[in-house]
Structure formats: C-alpha cells, structure tokens
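Below is one structure, written out as structure tokens; the observations come after it.
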Amino acid sequence: SNMSALSKDFGSLTEEGHSVKVASHYNTLQECGLDERSRSRIVHMRNFNNWLKSVLIGEVLDQVHQRQREVCVLDLGCGKGGDLLKWRKGRISQLVCADIAGVSVEQCQSRYDDMRKRSHSERIFSAEFITADCTRELLSEKLSDPEMRFDVCSCQFVYHYSFETQQQADTMLRNACERLRPGGFFIGTTPDAYELVKRLEASDSNSFGNEVYRVTFQKKDEYPLFGCQYDFNLEGVVNVPEFLVYFPLFVEMAKKYNMRLVYKKTFHEFFKDKIQNDQNRVLMQRMQALEQYPADGRSRLASDRPEEYEHAQRH
Ligand code: SAM
C-alpha cells in the first residue's frame with residue numbers, strides 16, 4: 001500500500017522547485033514493515049548497498065581510529081538514519097545528521113533515541129539533527145557548536161541531487177568538506193554517470209531499465225555538466241529527479257576545499273575486491289545480500305560507485 005504514494009511522478013520542474021520536491025518526496029516515504037520489505041523484489045539490492053556502505057564506513061573509521069580515539073562524523077543526507085548502526089558499530093563519539101526532508105530527520109532522531117535507550121550501559125555517541133537544504137544552506141551556521149570539526153563526512157546516495165547547478169554542487173561540497181579536520185575523509189556513493197550514459201546510448205529511446213528499475217532522461221546526446229536530469233524509478237520506491245555527476249569535474253571542484261582523491265571504484269570493482277576478506281564475506285551472508293550478486297558480482301541494476309576522499313589540507 002505504500003507503493004502508490006511512492007511512485008508519484010513529480011512532472012517537470014521549475015528552477016528552484018526541485019529541492020522542495022525532493023523534500024516532499026522523502027517526507028511522504030513511509031516506513032515499511034519488515035515482512036513487506038523482505039517480500040520486496042529489491043530487498044537484495046538494498047542489502048547489497050547496505051553491505052557496501054558498511055564495508056566502506058568500517059574501513060574508513062578503522063583508519064581514523066588508528067590515529068585517535070574520538071571520532072566525529074557528519075552524515076550528509078542521512079535520510080531516516082539507515083547508517084546509525086554503522087556509526088555505533090564504528091564506535092564514533094559524535095554524529096551530526098543533516099537532511100532536507102524534515103520527516104526523515106525526525107525518524108532518524110527517534111531511531112537514535114531508541115538506540116540510546118536500548119543501549120543500557122554501553123556508551124553511545126552523542127548526536128545532533130539538522131533539517132536543511134545542504135545545496136543552499138550552510139551547515140556551519142546551523143551547528144550547535146560553530147567550532148565543531150569532523151573526521152569523516154559520509155554522503156551516501158545523496159551528492160547527485162546537488163548537481164543541478166554549479167552553485168548547488170559547490171555548496172554541498174562546501175558543507176561536506178569545510179569542517180573536516182586535516183587528514184579527514186569525505187566518503188560517498190553516487191550513481192555511475194558513465195554507466196548511465198552507456199546504457200542510454202545503447203537504448204533506442206530516452207529511457208532504459210528492466211522489470212525492477214527504469215531510468216528516463218529528458219534528452220539524449222546532450223549532457224550538460226550541471227542539470228543533466230534523469231528520473232530514476234525503482235519499483236516505485238524512488239522517483240525523484242537526479243542529476244549526472246561527471247566525476248572528473250567533481251574531483252576538480254573538490255580541490256577548492258583542499259581535497260584530493262584517494263580512492264574510487266565501481267560497486268562491481270569494490271565488491272570483487274572486498275569480498276576476498278572473510279569478515280566481509282560473513283557480513284554479506286548475514287545481510288542476505290547475495291542473491292542479486294552471485295559469485296561473479298554482476299548486477300543487473302544500475303551500478304553505482306563509492307568514492308573516498310582524503311582531506312589533504314596542509315599535509
Ligand atoms: N544517506 C541515506 C542512506 O544511505 O540511507 C539516504 C539516501 S536517500 C537515497 C537520499 C537522501 O538525500 C534523502 O534522504 C533526501 O532527503 C536527501 N537529500 C536530497 N537532496 C538533499 C539536499 N539538497 N540537502 C540535504 N539532503 C538532501
């Protein structure tokens with residue numbers, strides 16, 4: 001029953017109308033009961049994405065923990081708090097969660113409150129929650145402590161929403177990076193623009209997909225650096241406009257914030273690499289992420305790529 005509300009089409013967009021629509025879309029997303037969710041045809045892909053995020057986040061936190069005890073994280077585009085358990089497992093000290101969708105931020109906060117209540121004697125990280133359009137507003141002006149510094153900014157399946165205009169992409173990047181400590185990391189996952197365009201070019205219309213997902217571009221053969229819009233529909237679960245992120249441009253833009261690229265892989269490459277590790281393999285089994293990704297790691301779904309940035313300020 002959640003599906004009909006979720007597959008709602010947003011139609012064409014006015015220049016500044018987009019952020020409002022992204023917020024209202026995510027605000028109307030309902031929590032699915034576990035049964036319903038597990039019946040979903042995309043459950044394995046969700047689990048797989050979750051496994052990828054767990055491995056990426058785990059590795060980065062391990063690295064930061066090697067040089068310090070207290071770790072402070074910014075979850076940029078936190079949604080309903082899908083990564084809260086990962087932050088707990090990663091023994092961080094402090095978390096700031098930010099998202100454009102107020103209802104999602106509230107859900108994130110109540111998940112955190114529940115987690116805290118159930119943690120009994122275990123010391124759990126402190127957290128703060130901010131509702132903001134991170135492509136237009138500066139988080140530094142909304143933090144409880146304006147001097148706060150982060151060791152990691154995590155931006156999972158979010159950054160591509162900012163590539164509508166150069167200004168928005170820059171503001172998002174600024175929010176991600178300006179409060180990072182030297183040596184801090186900006187990690188994230190976004191759809192793979194190369195793969196999207198490759199599949200579009202191979203199609204005889206302006207859209208491609210399968211029984212599970214559909215991607216529809218507004219135009220073919222024209223790929224502006226910003227505002228290159230496409231709609232992504234995954235079984236009616238997500239249907240808001242997204243924008244291509246031309247990765248080399250993103251890397252250049254990040255230099256302004258003293259960031260240098262230390263790591264970039266497609267999901268397929270990441271999977272092949274990380275599944276060699278026994279602990280990761282066990283985690284994958286536990287997360288039931290295997291069906292969609294058999295031994296060769298091939299996915300029939302749009303592939304994405306994780307990126308990992310090291311903050312190289314005055315290094
Ligand atoms: N990071 C979460 C995760 O991995 O589960 C949520 C990912 S969800 C696909 C995308 C999120 O980006 C949504 O929660 C949405 O509200 C948020 N978002 C989109 N545009 C945003 C913006 N301009 N500022 C802040 N958050 C934004």
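Only a predicted model underlies this, so the values are computations on that prediction, with no experimental measurement involved. We count ligands from 1, going down the list as the structure has it; atoms in each ligand are counted the same way.
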Exercise. Do any nitrogen or oxygen atoms of Tyr161 come within less than 3.5 Å of a nitrogen or oxygen of ligand 1?
Worked result: no
For this session: Determine yes or no for a side-chain-to-main-chain donor-acceptor pair under 3.5 angstrom, with Asp151 supplying the side chain and Cys72 the backbone.
Result: yes
Exercise. Can an N or O of Asp75 be found at a distance shorter than 3.5 Å from an N or O of ligand 1?
Worked result: no
Problem set entry | Part of Cys155 with heavy atoms under 4.0 Å of ligand 1, whether side chain, backbone, both or neither | neither
For this session: Have a look at Val152 and tell me which of Ile57, Leu95, Val60 forms a side-chain contact (heavy atoms from CB on, under 4.5 Å) with it.
Result: Val60
For this session: Report the relative orientation of the aromatic rings in Phe270 and Tyr263; use parallel for angles under 30°, tilted for 30 to 60°, perpendicular for over 60°.
Result: perpendicular
Exercise. Does an N or O anywhere in Cys134 fall below 3.5 Å from an N or O of ligand 1?
Worked result: yes
For this session: Determine whether the aromatic ring centres of Phe271 and Phe48 lie less than 6.0 Å apart.
Result: yes
Exercise. Taking the six-membered ring for Trp, are Phe250 and Tyr159 ring centroids under 6.0 Å apart?
Worked result: yes
Seminar exercise, completed: Short version for Arg136: what comes under 4.0 Å of ligand 1, heavy atoms counted, is neither
Exercise. Any idea which atoms of ligand 1 are less than 4.0 Å away from a heavy-atom of Lys53?
Worked result: 3 (C), 4 (O), 5 (O)
Seminar exercise, completed: Note: ligand 1 atoms sitting under 4.0 Å from heavy atoms of Asp133 are 22 (C), 23 (N), 24 (N)
Problem set entry | Heteroatom proximity flag, Gln156 to ligand 1, N/O under 3.5 Å | yes
Exercise. Hey, which atoms in ligand 1 end up nearer than 4.0 Å to a heavy atom of Cys78?
Worked result: 2 (C)
Exercise. Which of the listed options, Asp83, Asn50, Ile100, holds the heavy atom that is closest to atom 18 (N) of ligand 1?
Worked result: Ile100
Exercise. Could Lys198 and Tyr194 be counted as a cation-pi pair, given that NZ or CZ must be under 6.0 Å from the ring centre and within 45° of the axis?
Worked result: no
Exercise. Taking atom types as modelled and ignoring hydrogens, do the side chains of Thr189 and Gln156 form a donor-acceptor contact shorter than 3.5 angstrom?
Worked result: yes
For this session: Using a strict cut-off of 4.0 Å, indicate which atoms of ligand 1 neighbour a heavy atom of Thr135.
Result: 23 (N)
Exercise. Is there any N or O on Val158 that sits under 3.5 Å from an N or O of ligand 1?
Worked result: no
Problem set entry | For Phe157, the ligand 1 atoms whose distance to one of its heavy atoms is below 4.0 Å | 4 (O), 9 (C), 10 (C)
